Amino acid sequence: ERGYSAALLQEPFVEFEAALAALRHGGPAAGLRLSPVPPEALLQLESLETRWLAFKPDYEWLLANRDKRASPEFALRIEKIEASAKPLLAAAQAVVAALGRRAEHLANTAVALMAVFAAAAIAVFLLAFRLMRRNILSPLEELAAATGKGAAGDYSLSLTYQEDDELGALQRSFAGMCAALKKDRDTRKITADLLVLAMQDESMDSFLKKALDTILSVPWFTVEPKGVIFLADNASKKLALKAQSGLPESLLKTCVQVPFGRCLCGRAAESGEVVFAEDLDERHENTYENIKSHGHYCVPLMSSTGLTGVLALYLAPGHVNDRAETAQLGSVGRLLAELIEKKRANAELRKMAEIIQQASEAVFITEIDGRITYVNEAFERMSGFTGKEALGRTPNLIKSGEYPPEYYAEMWTSMQQGRSWTGRIINKRKDGALYTVQASLFPVKNAGGETTSYVAIQEDVSNLTEVEEQLRQSQKMEAV
């Protein structure tokens, strides 16, 4: 349709009107001079004029409203033209047949008229087809192909229809939906990658650097792979730089510590909310020589216990603050904060486990049914049983038999009621030798106050017991 000028599309319309006027009143048409049709052909001519009057308004409207190609009204006019074009062509053929019957010498005139009528009808059909194909079918085919790609997980689009009409709006809406789906998919991938990183046994600094690289790998988060992760010291109200990518050396010195409330990152820490800047402004207090224009998303890392740190991302200047982006970054920030807290807790647990493992006191842990789930090295040395031999057994493994059943029953009843127990116990080694321990037994409870396990800490006091016994014997001798 774009290859046809308005004048060219109007030409068959003008020729058709001239032919009708010449047949009714006489005159020139199609390069010939015609006489009015004879009486015997008037009925066919009137039918042709009626068909033309029905066809003409829609044809004129299409020529005048080509800018509304994708509107419902345009499509309706196309349908009406398609419906009325065939009867119009049939009426034209009837007039030609009537003229052909009148006289042989009018045969050439009839052929010329038929060519005019046929050309007009063909032009109408060609116009309708091209309009339907280019302005309705082609954009819909593009949209259908893009939908298929999206269903397969490919959200890259190449939609060429840019008109400001209903179809253009539909394609733009679909493109926006695909962009949102891609962002959601990227966010879910970041979530999965961060969870995998958190399960790896590595230092906090290494985890934070890999986490930052993972986040910066998403192109819509930042204009370039450039960003920072700070950890918060809530006691001193300062942020400490722990991981960075792409920062100049001068800024690294300036931002090694950032007080809460200073610059964009400090403001995010102080407010607990995402701070956005589309370019450098008065809030960007930490600067350096030859700093280039850029924007920021500064995301507070908020865990269930409070502020953990701040994630700062660099944006292209003029970046528009997007509510959906802010929400997705907030989700990533909360996840990263919880993973950091978990890494910290795990580090503390490993530290405590190492302390327990190397302690001089024997330590063993049991389930609430008494089955041993953990023993340290001191337990192995004292009892003579290896960890492999002790796991899954009960403390009866080292029971000496020196006490009545009621003694042990009192001990377990105390712990089952949530109380600790302290006292001396004579145990038996694997080789049958007895040894005395000063024992502390206590229940371990979860956040709901339910007992989940029991811990026993035992110090070998056999030597002390022997000294005490010798002292008692000495005192008896002195009394005699």
Side-chain angles (χ1 to χ4, degrees), residues 187 190-218 221-277 283-288 291 294-315 328-351:
T187 304
I190 287 177
T191 298
D193 290 345
L194 290 179
L195 290 172
V196 170
L197 285 175
M199 291 187 290
Q200 297 176 4
D201 186 14
E202 55 187 339
S203 68
M204 178 67 78
D205 288 347
S206 176
F207 166 72
L208 292 176
K209 182 62 172 72
K210 290 182 179 179
L212 179 60
D213 291 342
T214 296
I215 294 170
L216 294 178
S217 68
V218 178
F221 266 159
T222 178
V223 66
E224 55 183 317
K226 192 174 181 180
V228 186
I229 292 179
F230 295 94
L231 292 186
D233 183 344
N234 290 298
S236 65
K237 294 190 176 300
K238 290 182 178 179
L239 296 172
L241 192 154
K242 292 297 181 180
Q244 63 86 22
S245 179
L247 265 65
E249 189 67 28
S250 56
L251 189 59
L252 290 177
K253 295 177 181 178
T254 305
C255 294
V256 66
Q257 279 195 333
V258 178
F260 288 10
R262 179 176 175 79
C263 207
L264 298 171
C265 296
R267 284 175 166 81
E270 188 173 61
S271 66
E273 297 180 352
V274 176
V275 172
F276 170 80
R283 297 172 299 167
H284 205 291
E285 295 161 313
N286 288 353
T287 185
Y288 55 94
I291 188 171
H294 64 272
H296 276 295
Y297 273 127
C298 294
V299 184
L301 308 181
M302 304 296 297
S303 71
S304 56
T305 58
L307 179 70
T308 299
V310 170
L311 165 68
L313 301 176
Y314 282 65
L315 306 171
Q328 287 166 323
L329 284 169
S331 297
V332 171
R334 287 188 293 274
L335 172 64
L336 184 55
E338 294 295 344
L339 294 179
I340 290 171
E341 293 295 345
K342 183 179 179 181
K343 293 285 286 186
R344 284 173 168 169
N346 287 342
E348 289 299 317
L349 286 174
R350 284 195 297 271
K351 186 185 299 183

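All values below come from the heavy atoms of this structure, side chains included, with hydrogens, waters and symmetry mates left out. What you are looking at is a predicted structure, and each value in this text was computed from that prediction instead of being measured.
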Residue pair V258 / V310, side-chain heavy-atom distance below 4.5 Å:
no
Please test R344 against L231 for side-chain contact (heavy atoms from CB on, under 4.5 Å), starting from the C-alpha separation and ending with a verdict.
-> CA-CA 12 Å; R344 284 173 168 169; L231 292 186; 3.7 Å; yes
Evaluate I291 against H284 for side-chain contact (heavy atoms from CB on, under 4.5 Å), listing each step before the verdict. CA-CA 11 Å; I291 188 171; H284 205 291; 3.9 Å; yes
- request: Output, in order, the C-alpha distance, side-chain angles, deciding distance and verdict of side-chain contact (heavy atoms from CB on, under 4.5 Å) for L216 and Y314.
  value: CA-CA 10 Å; L216 294 178; Y314 282 65; over 6 Å; no
**Item:** Donor-acceptor under 3.5 Å (D233 side chain, A240 main chain)
**Value:** no
I would like to know whether C265 and V228 meet side-chain contact (heavy atoms from CB on, under 4.5 Å); could you show each step before the answer?
-> CA-CA 10 Å; C265 296; V228 186; 6.0 Å; no
Contacts satisfying side chain to side chain donor-acceptor pair (under 3.5 Å) that involve residues 191-210 (not counting sequence neighbours) are K189-D193, E202-S206, E202-K210, K209-D213
Contacts of T254 meeting side-chain hydrogen bond (donor to acceptor under 3.5 Å, both in side chains) (sequence neighbours excluded), chain-then-number -> none
Residue set satisfying side-chain hydrogen bond (donor to acceptor under 3.5 Å, both in side chains) with N286, at least two apart, ordered chain then number -> R262
Applying side-chain hydrogen bond (donor to acceptor under 3.5 Å, both in side chains) to R283 and not counting sequence neighbours gives D281
Exactly one candidate in E341, R334, E338 meets side-chain hydrogen bond (donor to acceptor under 3.5 Å, both in side chains) with T308; the answer is E341
Residues at least two apart in sequence or cross-chain that pass side-chain hydrogen bond (donor to acceptor under 3.5 Å, both in side chains) with T214, listed by chain then number, are none
For residues 256-276, the ring-ring contact (aromatic ring centres under 6.0 Å, His included) pairs (sequence neighbours left out) are F276-Y297
Scanning both residues in full, the closest heavy-atom pair of C298 with L264 reads SG-CB, 3.6 Å
